Amino acid sequence: MPLEYRLSPACQTLKPSATIAAAAKAKELKSKGIKVYDFTLGEPDFNTPQHIREAAVAAMDAGHTHYTASGGILELKQAVCRLYERDYGLKFAPNQVLISNGAKHSIHNVITSLCGPGDEVIIPTPYWVSYSALVELTGATAVLVPTTEASGFTLSAEQFAAAITPRTKLMMLNNPCNPTGAAYTPAQLEALAKVAVEKNIPVLSDEIYEKLIYGDTQFRCFATFGSEVAERTIIVSGVSKAYAMTGWRIGWTIGPVDVIKAMDNLQSQETSNPCSISQYASIAAIDGPQESVEAMRVEFEKRRDYVVGRFNEMRSKFGVTFAEPGGAFYVFFNVEKSFGKKLGGGRVVNNATDFCTALLEEAHVALVTGDAFGAPGYVRLSFATSIELLQAGLDRLEAFLAG
Ligand SMILES: *Cc1c(COP(=O)(O)O)cnc(C)c1O
């Protein structure tokens with residue numbers, strides 16, 4: 001008789017990451033020989049810069065192919081400290097830094113070390129798919145606070161304050177934001193920081209897109225608003241987005257020594273250390289020439305400007321609305337005006353998930369539904385791909401909207 005496995009309560013309700021699922025659906029069509037215009041990707045399309053790849057080879061040749069300290073090598077922690085001093089004037093000690101297997105793992109470690117049943121975690125929506133899933137895995141409750149397109153999808157200090165209860169353990173901020181591209185102004189951040197200090201609430205600031213900032217937008221690290229704010233800030237970032245190193249799996253957390261120590265204990269039991277070779281490559285990324293970071297940013301900015309231009313046209317033609325992205329590489333747009341109308345192939349849809357399915361099937365354009373980000377009626381397009389592909393894909397999207 002076959003054994004029937006019964007999953008844990010946590011995994012019975014756990015869904016796969018919706019962005020990864022959307023990419024898989026596009027891949028399936030591609031494997032049938034169909035040309036798919038895939039804008040689901042949440043990663044830079046550039047290869048990792050050469051000097052970083054060479055540092056990885058040198059690390060292997062030098063024998064750095066063994067286990068390292070569970071929380072990462074001291075040399076990388078020191079490099080991370082140099083990075084924050086260089087870029088933001090912030091002084092941290094290596095025992096405030098933990099290196100993990102990508103920033104997603106860093107976020108998991110922070111939540112798991114701080115949260116449990118009965119706790120609440122404030123998450124502004126639209127939000128990155130994994131935030132609430134990781135909170136709920138610990139038995140804590142994700143308190144979702146909706147932001148609006150009119151506010152550029154930013155959380156106000158009043159909204160933050162109103163969501164706080166005696167059970168609040170943490171607020172999770174993503175600046176610049178995936179999926180909206182929202183980038184907070186320094187004044188907006190300062191107002192949030194003031195609430196964090198007054199109400200004594202720690203803020204997990206996911207700053208993975210810190211180097212991908214466009215136009216007049218200014219980036220400020222959340223810990224730069226004085227020592228009282230820095231004490232309440234847990235910074236998460238990494239090399240994935242700035243250095244086109246998603247596959248290398250290196251992220252970091254900077255926070256209070258005791259929290260970092262707890263996270264290190266957790267990591268030592270769960271995964272041991274992050275990849276030794278990737279850690280050495282990350283030192284080269286941080287300490288080496290930064291020209292490639294700016295070159296990639298400039299390229300992303302050209303794409304953003306092109307895509308924003310196209311969406312401005314679609315706004316007047318089809319009532320597609322959006323807030324201009326100040327950072328990251330996404331446009332998050334509203335397609336509610338097309339619900340109930342005849343779209344390409346005679347399809348009629350009533351929600352964003354069906355919109356994405358119909359668009360993929362009829363026009364072979366792959367996007368991610370806003371339902372995956374807690375934002376019904378919206379759709380996410382990633383512009384981390386060539387202008388040529390964006391042009392062809394947006395032509396198809398327009399034709400689909402025109403019916
Ligand atoms: C890509 C991304 C991350 C982390 O990526 P890693 O590859 O795990 O370092 C974290 N937060 C957001 C919002 C992201 O989009």
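No experiment lies behind these values; they were computed from the predicted model shown. Order of appearance sets the numbers: ligands from 1, and atoms from 1 within every ligand.
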Give the numbers and elements of all ligand 1 atoms closer than 4.0 Å to a heavy atom of [X].
X    : value
N174 : 13 (C)
S240 : 6 (P), 7 (O), 9 (O)
R249 : 6 (P), 7 (O), 8 (O)
G102 : 8 (O), 9 (O)

Side chain to side chain donor-acceptor pair (under 3.5 Å) partners for S106, two or more places apart: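 Expected list: none.
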
Can you confirm, on distance only, whether ligand 1 has an N/O atom lying under 3.5 Å from any N/O atom belonging to [X]?
X    : value
T246 : no
Y131 : no
N101 : no
Y330 : no

Identity and separation of the nearest protein heavy atom to atom 15 (O) of ligand 1: Y209 OH, 2.7 Å

Shortest protein contact, atom 11 (N) of ligand 1 (heavy atom only):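 Among all protein heavy atoms, the one nearest atom 11 (N) of ligand 1 is D206 OD2, 2.6 Å.
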
cation_pi(R297, Y214) dist<6.0 Å, angle<=45: no

Atom pair CG (L212) and OH (Y330), whose distance is rounded to the nearest 0.5 Å: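 The distance works out to 9.5 Å.
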
Salt bridge (charged side-chain N to carboxylate O under 4.0 Å, His left out) between D87 and R82, intermediate numbers included: CA-CA 8 Å; D87 291 358; R82 279 194 293 279; over 6 Å; no

Main-chain N/O of A284 paired to D287 side chain as donor or acceptor, under 3.5 Å: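 Absent.
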
A103, portion touching ligand 1 at heavy-atom distance under 4.0 Å: both

Worked check of salt bridge (charged side-chain N to carboxylate O under 4.0 Å, His left out) between E361 and R347: CA-CA 10 Å; E361 289 172 1; R347 300 282 286 257; 2.9 Å; yes

SB check E190 R220 (cutoff 4.0 Å):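 Here E190 does not pair with R220 in a salt bridge, since their nearest N and O are not under 4.0 Å apart.
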
K241, H105, H108, M172: member with heavy atom nearest to atom 3 (C) of ligand 1: K241

